[in-house]
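To keep things clear, I will list the structure first and then write my remarks on it.
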Amino acid sequence: MSPMNILRNATRAVSRGGPARLVAGMRVSVVTKSLARPVASNVCTMGVRAFSGSASRLGSGTSDVSLSAKLQEELKYEQEALVETANETPEFLKSFLEQGVWSIDDIRGNDEVTLSRKFGDESIRVMFSIADMQSEDEFEPENEADAEDAETNPAAYPIRASLSITKSTGQGALNVDMLCQEGSFVIENISFYEDTRLGTELTADADWKRRGLYIGPQFDTLDVAVQDEFERYLQERGINETVATFIPEYAAHKEQQEYVKWLGKVKNFIDL
């Protein structure tokens, strides 16, 4: 069942563990969880049973049939839920694109999405990942009412976003770590990199180099007047309630599509 179904039905909760992928400038606390499930092992000391030439077409194990059936059941459930809107662009996405402000870079099969736009001589990029959507430690509905509210309003649950601003007139990159929740942005940190490439590249090498640099104070420790001016600065560049509402909605939409594809691919593999 899709991780998004934790919002549809609290009794069918599914949590996705593990840290989100880092994006340029983002400061993320990484918590390692042990997700390994013990598996019973029966060791035969009398020899190894050879595979038969008449082995079942549905894999080599006795559990393949039941797993395939469960995957098919889940796939059917998710496809039926999407059938009415499968060939239509969601209204929230249509409305966002009609504004003509932001372009969306979304590669099917990837978990990261990029919004980009021009503002004078500035290039603005906002990145977020659907892998960061449902972390058990970050968000879990406390009761059935909260789960229902999150289902009808995707903006009710938090998702991280990383903003970068560069200028064609000079070097440097201003990066902002933010949290989208309930239709607004909560700024966590603002960092500046003198090297534009270092501040914007999404490579392991660039990420490693950034880790050794001072990335600025926590936003809430700045003077209130400075915080207010930064917020006005970002609002002027389109970092507003519209985008803060759109990001969780689009993440939920993309996650559901990717989940259905994942179900089909895994089932096909099991059936080989």
Side-chain angles (χ1 to χ4, degrees), residues 1-9 16 20-21 23 74-120 122-134 139 141 146-165 176 178-187 202 231 234-265:
M1 181 165 293
S2 168
M4 289 305 302
N5 286 338
I6 189 175
L7 307 180
R8 299 193 188 100
N9 190 330
R16 176 177 290 174
R21 179 178 302 171
V23 295
E74 180 69 4
L75 182 59
K76 180 181 179 182
Y77 173 85
E78 297 295 342
Q79 288 175 333
E80 288 176 350
L82 293 175
V83 67
E84 295 182 0
T85 58
N87 298 318
E88 299 178 4
T89 301
E91 284 300 322
F92 82 89
L93 177 55
K94 189 182 301 182
S95 175
F96 185 79
L97 293 174
E98 286 175 351
Q99 296 176 22
V101 178
W102 297 90
S103 61
I104 303 173
D105 183 10
D106 178 7
I107 300 175
R108 297 306 177 190
N110 289 3
D111 62 9
E112 292 178 346
V113 180
T114 301
L115 307 180
S116 59
R117 66 164 299 190
K118 291 288 187 179
F119 183 79
E122 299 175 358
S123 295
I124 302 175
R125 180 185 72 188
V126 178
M127 297 186 66
F128 59 95
S129 171
I130 63 173
D132 193 41
M133 287 177 56
Q134 284 299 299
F139 179 76
D146 290 342
E148 291 178 355
D149 177 62
E151 176 185 352
T152 57
N153 179 23
Y157 59 83
I159 183 170
R160 293 186 180 278
S162 180
L163 163 73
S164 67
I165 302 175
V176 183
M178 308 177 294
L179 195 66
C180 307
Q181 187 172 18
E182 297 180 348
S184 63
F185 283 109
V186 178
I187 302 174
L202 304 176
E231 290 173 350
L234 296 180
Q235 280 273 347
E236 187 177 16
R237 284 155 177 77
I239 310 302
N240 52 29
E241 293 78 7
T242 299
V243 179
T245 300
F246 173 79
I247 287 177
E249 288 182 328
Y250 191 82
H253 170 69
K254 176 177 173 61
E255 195 277 341
Q256 185 65 19
Q257 290 182 322
E258 298 296 344
Y259 176 62
V260 171
K261 291 180 181 178
W262 176 86
L263 282 171
K265 290 177 180 178

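We count residues from 1, following the sequence as given. In what follows, every heavy atom counts, from backbone to side chain, and hydrogens, waters and symmetry copies are set aside. Note that the coordinates shown come from a computational prediction; the quantities given were computed from them, not determined experimentally.
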Looking only at heavy atoms, which two atoms of Trp102 and Gly238 are closest? And how far apart? CZ2-O, 3.7 Å
Ignoring hydrogens and geometry, is there a side-chain-to-backbone donor-acceptor pair from Ser162 to Met127 under 3.5 Å? no
Hey, what do you get for CD (Glu241) to CD (Glu182), rounding to the nearest 0.5 Å? 13.0 Å
Side chain to side chain contact (heavy atoms under 4.5 Å, CB included) between Gln181 and Val186: does it pass, once the steps are laid out? CA-CA 8 Å; Gln181 187 172 18; Val186 178; 5.7 Å; no
Contacts of type salt bridge (Lys or Arg N to Asp or Glu O under 4.0 Å), residue Glu91, not counting sequence neighbours: Lys94
Can you list everything that forms a salt bridge (Lys or Arg N to Asp or Glu O under 4.0 Å) with Asp106? Sequence neighbours excluded, please. Arg108, Lys254
What do the steps show when you test Phe185 against Leu234 for side chain to side chain contact (heavy atoms under 4.5 Å, CB included), and what is the final call? CA-CA 10 Å; Phe185 283 109; Leu234 296 180; over 6 Å; no
Take Leu97 and Ile104, measure what side chain to side chain contact (heavy atoms under 4.5 Å, CB included) needs, and give me the verdict at the end. CA-CA 9 Å; Leu97 293 174; Ile104 303 173; 3.7 Å; yes
With no hydrogens and no angle check, is any side-chain donor or acceptor of Asn240 less than 3.5 Å from a backbone partner on Thr242? yes
Which atoms form the tightest heavy-atom contact between Lys118 and Ser123, and what is the distance? NZ-OG, 2.7 Å
Does any non-hydrogen side-chain atom of Ile247 lie less than 4.5 Å from one of Leu115? yes
Which residues pass the salt bridge (Lys or Arg N to Asp or Glu O under 4.0 Å) test with Arg237, not counting sequence neighbours? Glu122
First locate atom CD1 of Ile130, then atom CG of Asp111, and finally report the distance between them rounded to the nearest 0.5 Å. 5.5 Å
Under 3.5 Å: donor-acceptor pair, side chain of Glu258, backbone of Gly109: yes
Take the angle between the ring planes of Phe92 and His253 and call it parallel below 30°, perpendicular above 60°, tilted in between. perpendicular
Go through the steps to decide whether Phe96 and Tyr250 satisfy the test side chain to side chain contact (heavy atoms under 4.5 Å, CB included), and finish with yes or no. CA-CA 10 Å; Phe96 185 79; Tyr250 191 82; over 6 Å; no
Distance in Å, Glu74 CD paired with Trp262 CH2, rounded so as to fall on 0.5 Å steps: 9.0 Å
